[in-house]
Number of protein chains: 2
Amino acid sequence: MGRRSDHSREEIRQLALGAAEAIVAEGGFKALTARKVAAAIGYTVGTLYLVFENLDDLVFQLNGRTLDQLYQRMLDEKRHSYSGKKALYALATAYIDYAEAESPRWNMLLEYVAGKDEVMPDWYLEKLGQVFGLVEETLASTVGNQDDKTISQAARVLWASVHGICILKIRQRLDLAGGQSTGEMACMLIDNFVEGMSR
Amino acid sequence: MGRRSDHSREEIRQLALGAAEAIVAEGGFKALTARKVAAAIGYTVGTLYLVFENLDDLVFQLNGRTLDQLYQRMLDEKRHSYSGKKALYALATAYIDYAEAESPRWNMLLEYVAGKDEVMPDWYLEKLGQVFGLVEETLASTVGNQDDKTISQAARVLWASVHGICILKIRQRLDLAGGQSTGEMACMLIDNFVEGMSR
DNA sequence: GCTGTAATTGAACATCGTTCAATAAAGCCA
DNA sequence: TGGCTTTATTGAACGATGTTCAATTACAGC
């Protein structure tokens with residue numbers, strides 16, 4: 001109808017993202033459609049396009065909230081103040097548990113493939129940086145006296161690796177033989193990597 | 001029209017897969033549509049559905065050919081008969097070079113997300129196994145006297161990790177700071193992992 | 001109560017994957 | 001050669017998708 005002003009733009013944005021999360025949790029990425037999100041919040045498609053540039057934009061913002069949750073879970077785990085390798089295990093476990101519990105949503109983090117020279121928005125890179133920062137701190141306090149640059153690079157290598165294990169497991173590209181759990185694989189990675197770094 | 005019999009089913013299948021590869025290389029995954037593939041090989045949509053169950057099936061078979069190529073490249077590299085860590089570097093480099101040269105196609109390997117209890121077809125798991133087998137051999141000859149199970153598990157962990165680095169790089173989730181190349185990151189991973197394994 | 005503003009709608013468009021009755025070309029037999 | 005059967009191939013049809021935008025309607029101020 002006409003102007004109702006039941007909700008502000010920002011409220012509609014939040015409602016839509018919430019509804020989208022529920023839809024994805026229920027039916028995975030392919031279940032997410034503009035009309036479904038609109039219907040779930042009691043509006044119509046047109047309204048969504050006042051608040052989001054397009055569906056990709058909505059997905060991107062949803063991914064932002066996923067990264068926030070991921071960061072929060074890892075931060076909570078770090079609060080338990082383990083030290084050394086145990087702290088890295090804890091971070092990896094938090095990451096993996098989230099990925100397995102919320103797998104459709106976590107999967108969506110990689111769904112969007114940027115074009116050749118498109119670049120991620122700054123706010124998104126910042127959220128990614130937070131997660132890596134956490135790993136960096138923990139790694140720094142685990143392997144002694146290495147320079148900052150090495151630590152920062154190693155943290156990225158290590159976390160990309162944890163991520164890789166997670167992805168192949170969850171997307172079932174890794175079942176063949178072995179039969180280890182994701183957690184066990186991550187431990188093996190951390191053990192050897194940290195051992196190697198501390199020579 | 002009616003029956004032309006210009007090509008056998010198998011020939012049509014190969015033509016379609018070839019055309020699909022070209023389309024993906026040109027415009028990425030989202031450019032791949034049934035009508036485009038059909039037009040490219042001089043048939044209509046209907047014909048595609050005589051040869052493929054659906055578009056997912058086509059993508060799956062295309063992924064099979066990608067795995068074959070990947071395996072071949074890695075095998076060629078191994079023929080140069082390096083040994084030790086150098087051999088692992090060579091495998092990783094072959095993998096990474098392929099991923100970067102054929103990134104839309106390589107990206108497609110992870111595009112399909114299986115449902116909760118769907119399982120990959122055997123022929124696909126076999127192709128995956130081939131790739132891992134190559135890493136296994138190489139790793140076994142690099143770190144001395146470890147039992148087979150440990151090697152096989154470690155090979156999976158290591159390659160999932162290389163894969164993770166590749167994915168985050170190519171999908172631009174990893175630019176922040178550091179500025180290492182994918183290859184350098186993989187070397188760092190292999191160095192530390194192998195060092196750690198050989199205690 | 002009237003009017004102007006703007007929030008909201010939903011029909012319209014192009015395109016998608018997928019299906020299947022209709023069609024026309026090839027093979028075959030007399 | 002001509003007619004009949006077979007079947008490979010077609011393409012219109014269907015429902016659903018993302019996206020747009022003129023039309024509609026509810027509110028705010030006078």
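None of the values given here were measured: they were computed from a predicted structure. Numbered from 1 within each chain, the chains take letters A, B, ... in sequence-line order.
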Could you tell me the separation between the [atom1] atom of [X] and the [atom2] atom of [N], rounded to a whole number of Å?
| X | N | atom1 | atom2 | answer |
| --- | --- | --- | --- | --- |
| A:Asp6 | D:dC27 | CG | P | 8 Å |
| B:Ile12 | D:dT9 | CD1 | C1' | 9 Å |
| A:Arg35 | D:dT20 | CZ | P | 13 Å |
| A:Lys36 | D:dA16 | NZ | P | 11 Å |
| A:Ile23 | D:dA16 | CD1 | P | 16 Å |
| B:Asp56 | C:dC16 | CG | P | 16 Å |

Name all residues meeting the side-chain hydrogen bond (donor to acceptor under 3.5 Å, both in side chains) criterion together with [X]; count only those two or more places apart in sequence or in a different chain, and write none if there are none.
| X | value |
| --- | --- |
| A:Asp147 | A:Thr150 |
| A:Asn107 | A:Arg171 |
| A:Lys169 | none |

Non-neighbouring partners of A:Leu75 that pass side-chain contact (heavy atoms from CB on, under 4.5 Å), sequence neighbours left out:
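A:Leu75 satisfies side-chain contact (heavy atoms from CB on, under 4.5 Å) with A:Tyr71, A:Gln72, A:Arg79, A:Leu134 only.
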Could you tell me which residues satisfy side-chain contact (heavy atoms from CB on, under 4.5 Å) with B:Gln172, sequence neighbours excluded, listed by chain and number?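 Here the qualifying residues are A:Ala114, A:Val119, A:Met120, B:Asp175.
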Item to complete: Mind listing the residues from residues 24-34 of chain A sitting with a heavy atom below 4.0 Å of DNA chain D? Number order is fine.
Response: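 A:Leu32, A:Thr33, A:Ala34 - these, ordered by number, are the residues of the stretch whose heavy atoms sit under 4.0 Å from the strand.
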- What residue pairs, at least two apart or across chains, pass salt bridge (charged side-chain N to carboxylate O under 4.0 Å, His left out) with a residue in residues 17-28 of chain B?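 Applying salt bridge (charged side-chain N to carboxylate O under 4.0 Å, His left out) to every pair that reaches into residues 17-28 of chain B, excluding sequence neighbours, yields B:Glu21-B:Arg65, B:Glu21-B:Arg105.
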Listing request: all salt bridge (charged side-chain N to carboxylate O under 4.0 Å, His left out) pairs with a residue in residues 42-57 of chain A, at least two apart in sequence or in separate chains.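 Every pair satisfying salt bridge (charged side-chain N to carboxylate O under 4.0 Å, His left out) with a residue in residues 42-57 of chain A: there are none.
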By the ring pair (Phe, Tyr, Trp, His ring centres under 6.0 Å) test, which pairs, at least two apart or in different chains, include something from residues 10-31 of chain A?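 Output for this query is empty, none listed.
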Quiz item: Taking atom types as modelled and ignoring hydrogens, do the side chains of A:Thr182 and A:Glu100 form a donor-acceptor contact shorter than 3.5 angstrom?
Solution: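 Yes - a donor-acceptor pair under 3.5 Å links their side chains.
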Polar atoms only, N or O, under 3.5 Å: list the protein pairs with nucleotides 28-30 of chain D and their distances.
none

**Request:** Name every residue in residues 40-55 of chain A that has at least one heavy atom under 4.0 Å from any atom of DNA chain C, in order of residue number, or write none if there are no such residues.
**Result:**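 A:Tyr43, A:Thr44, A:Gly46, A:Thr47, A:Leu50, in order of number.
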Would you tell me if any nitrogen or oxygen in the side chain of A:Arg9 comes within less than 4.0 Å of OP1 or OP2 on C:dA7?
->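 For C:dA7, OP1/OP2 do have a side-chain N/O of A:Arg9 under 4.0 Å.
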*Quick one: ring pair (Phe, Tyr, Trp, His ring centres under 6.0 Å) partners of B:Phe60, sequence neighbours excluded?*
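In terms of ring pair (Phe, Tyr, Trp, His ring centres under 6.0 Å), with neighbours along the sequence ignored, B:Phe60 is linked to B:Tyr112, B:Tyr124.
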How long is the gap from CG on B:Leu139 to CH2 on B:Trp159, to the nearest 0.5 Å?
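Spacing of CG (B:Leu139) from CH2 (B:Trp159) equals 10.0 Å.
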